[in-house]
Amino acid sequence: MNPLDLRWLGAVVLSLIAAFTLATVPLPEAVNHWRPAWIALTVLYWAIALPERMGVLSAWFIGILADVMHGALLGQHALGFALIAYLGLIYHQRIRVYPMVQQALVVGSIIFLHQLWMLMIYNTLGSRHYPNTYLLGTLTSALLWPWLFVVLRDLRRRATA
Amino acid sequence: MFLDEPSPTARFITCVVVSFFLISVDHEQRHLASLRAGLSLLIYPIQYAVSLPVRIVDSIADGFAGRQGLRKENEAFRKENLFLRSRGVKFAALESENKRLRALLDSTAEMGEDVSVADVLAIETTAAKRQIVINKGSLQHVYLGQPVADAHGLVGQVVEVGRFASTVILITDARHAIPVQINRNGLRAIASGGDTDEALSLNFVPNNADVAAGDLVVSSGLDHRFPAGFPVGKVTNIDSDASEPFARIRVEPSAHVGRAREVLLVWPRAKSQEIPPAGGATTTAAPVLSTRPKAAVEIAPPAAPTDVGGAAAEEEQEEQN
């Protein structure tokens with residue numbers, strides 16, 4: 001593995017650790033539903049920015065880790081992230097050239113699909129009904145995207161420069 | 001690696017199939033527990049890091065606690081210690097009397113427990129999931145289904161054991177229920193969790209049952225999982241509607257459920273004779289095992305090889321006999 005490979009891998013791992021941390025930091029009940037889908041956003045960013053590196057399979061494995069962390073059914077987040085990475089891979093060329101607002105809209109839709117899938121599984125296989133406010137995270141995710149994009153782009157440039 | 005790399009679509013479809021397979025297996029059975037335990041090793045540093053700021057703030061606050069405050073606290077502790085000690089003396093007498101009476105009745109429910117303190121690392125805040133992660137795992141002999149308490153009462157039970165950390169489901173989780181009895185008259189009921197941290201509800205208690213606000217609710221131990229006699233909560237509100245068969249009884253948990261930073265892991269030393277039915281999913285029949293190491297051996301997941309191999313085999317044989 002050449003040093004450049006190691007560096008981008010470092011950047012990806014670093015951003016994922018940050019995302020996992022932010023996803024599990026305790027928040028007050030009232031704002032908890034507004035928590036952005038941090039890990040999903042990070043996976044999506046890398047799928048768009050480095051499609052040849054962040055593939056469907058790596059996203060799937062990250063999802064398994066997220067399942068373990070959240071105590072969800074194994075495969076639940078995994079499938080969601082695989083879907084995100086897949087859509088990111090397919091549309092990365094288009095998404096990259098979109099203006100920021102449009103990008104946020106597309107990202108919001110992709111995250112929405114993910115959240116919808118999560119909600120569906122929670123409510124069909126879980127023993128308790130999750131409120132639909134679970135989907136509010138989509139909104140904050142879309143709003144967060146431009147900032148996250150800038151931060152991660154900076155990280156990527158430093159890593160791959 | 002591949003001469004002809006599979007397309008993203010092919011990979012995605014593979015992932016979907018594997019995910020559905022995993023989800024269904026995980027939903028139906030517990031075969032994946034060891035896989036989870038293994039993967040949780042990767043997650044543990046993150047959970048630890050998240051709880052770090054709280055710990056740091058705590059220790060800084062401790063450092064700045066003034067002399068005066070410490071002295072006051074010390075004084076209070078001394079008083080409390082004296083008080084508890086006097087009660088302890090009485091308790092010893094009562095215990096021996098109890099033992100004697102039980103011997104007369106030919107009943108062998110002799111209880112006692114070992115405890116150990118664990119720090120709460122993270123609180124699963126999703127509304128529907130009341131769980132906490134604690135910093136002890138199979139390495140410290142934590143086992144599946146182990147009761148967890150704090151100084152005031154029962155907090156919950158262990159649902160997932162990793163090497164260094166475990167997940168505890170709180171008694172206020174909607175998926176959790178615990179057999180209880182009213183301390184005053186021994187009336188038995190089941191207390192299940194609900195929507196909030198602040199309340200449990202007693203299910204299937206008839207409208208005319210003798211329950212009053214302020215009654216202490218304790219665990220009955222009928223589940224062979226929670227030790228009997230641990231405080232669960234206090235009855236706060238009884239809503240008996242004559243048109244409904246059962247009263248709606250709300251119980252406020254005694255323990256600081258969901259707010260605790262430290263909890264007590266309890267190893268019951270029950271010497272009851274009957275062995276609880278190995279009820280599928282989470283049961284490991286742990287509560288009947290008498291000592292700590294034994295319990296640890298019993299649950300040690302395949303991912304975590306036991307450090308007492310010979311003893312493990314022996315124990316297993318005993319189990320089967």
Side-chain angles (χ1 to χ4, degrees), chain A residues 16-29 31-33 35 47 51-52 55-61 63-90 117 121-131 133-134, chain B residues 5-28 32 35-47 49-54 121-129 131-133 159-160 162 167 169 173-176 193 195-197 258:
Chain A
L16 280 173
I17 288 178
F20 270 83
T21 307
L22 287 166
T24 186
V25 165
L27 286 183
E29 195 79 46
V31 290
N32 197 31
H33 290 304
R35 189 200 293 265
E52 65 279 15
V56 174
L57 292 181
S58 4
W60 186 82
F61 182 71
I64 289 285
L65 285 184
D67 286 327
V68 171
M69 191 178 73
H70 288 298
L73 291 171
L74 282 185
Q76 189 178 344
H77 285 82
L79 197 153
F81 289 175
L83 173 72
I84 286 175
Y86 179 64
L87 293 177
L89 286 190
I90 291 194
W117 155 253
I121 286 293
Y122 274 134
N123 284 348
T124 49
L125 298 184
S127 59
R128 179 157 178 228
H129 187 72
Y130 267 66
T133 47
Y134 184 80
Chain B
E5 287 245 327
S7 70
T9 314
R11 286 183 178 182
F12 177 59
I13 292 171
T14 316
C15 283
V16 170
V17 173
V18 175
S19 299
F20 272 111
F21 175 73
L22 275 180
I23 289 173
S24 62
V25 170
D26 202 22
H27 183 235
E28 300 299 333
L32 298 173
L35 180 64
R36 256 175 208 279
L39 287 171
S40 67
L41 286 186
L42 288 174
I43 298 297
Y44 179 68
I46 291 172
Q47 285 169 334
V50 167
S51 72
L52 210 56
V54 178
L121 286 184
I123 295 180
E124 185 83 44
T125 42
T126 328
K129 269 204 179 150
Q131 293 183 346
I132 54 178
V133 178
V159 285
E160 238 178 79
T167 309
I169 188 169
D173 189 293
R175 300 167 298 168
H176 193 270
D195 304 330
T196 63
D197 266 345

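Reminder, nothing fancy here: chain letters follow the sequence lines and each chain counts from 1. Bear in mind that the values here come from a model prediction, so they are computed numbers and not experimental data.
- Contact of Leu22(B) with chain A is made through backbone and side chain together, with heavy-atom distances under 4.5 Å.
- Residue contact with chain A, scored on non-hydrogen atoms closer than 4.5 Å, is absent for Thr167(B).
- The side-chain heavy atoms of Leu79(A) and Val16(B), taken from C-beta on, include a pair separated by under 4.5 Å.
- Among Val17(B), Val25(B), Val18(B), Ile23(B), the one residue that satisfies the side-chain contact (heavy atoms from CB on, under 4.5 Å) test with Phe21(B) is Val25(B).
- No part of Ser24(B) comes within reach of chain A, as not one of its non-hydrogen atoms sits under 4.5 angstrom from that chain.
- Here the side chain of Trp117(A) pairs a donor or acceptor atom with the backbone of Gln76(A) at under 3.5 angstrom.
- Using a 4.5 Å cut-off on side-chain heavy atoms (C-beta onward), Phe12(B) and Leu89(A) make no contact.
- The contact between Phe61(A) and chain B is made entirely by side chain atoms (from C-beta outward), counting heavy-atom distances below 4.5 Å.
- Listed options Asp67(A), Leu65(A), Leu57(A) were ranked by heavy-atom pairs under 4.5 angstrom with chain B; first place goes to Leu65(A).
- Not one N or O on the side chain of Thr24(A) forms a donor-acceptor pair closer than 3.5 Å with the backbone of Phe20(A).
- Residue contact with chain A, scored on non-hydrogen atoms closer than 4.5 Å, involves the side chain of Leu42(B) exclusively.
- Contacts of Leu83(A) with chain B are made by both backbone and side-chain atoms, with heavy-atom separations under 4.5 Å.
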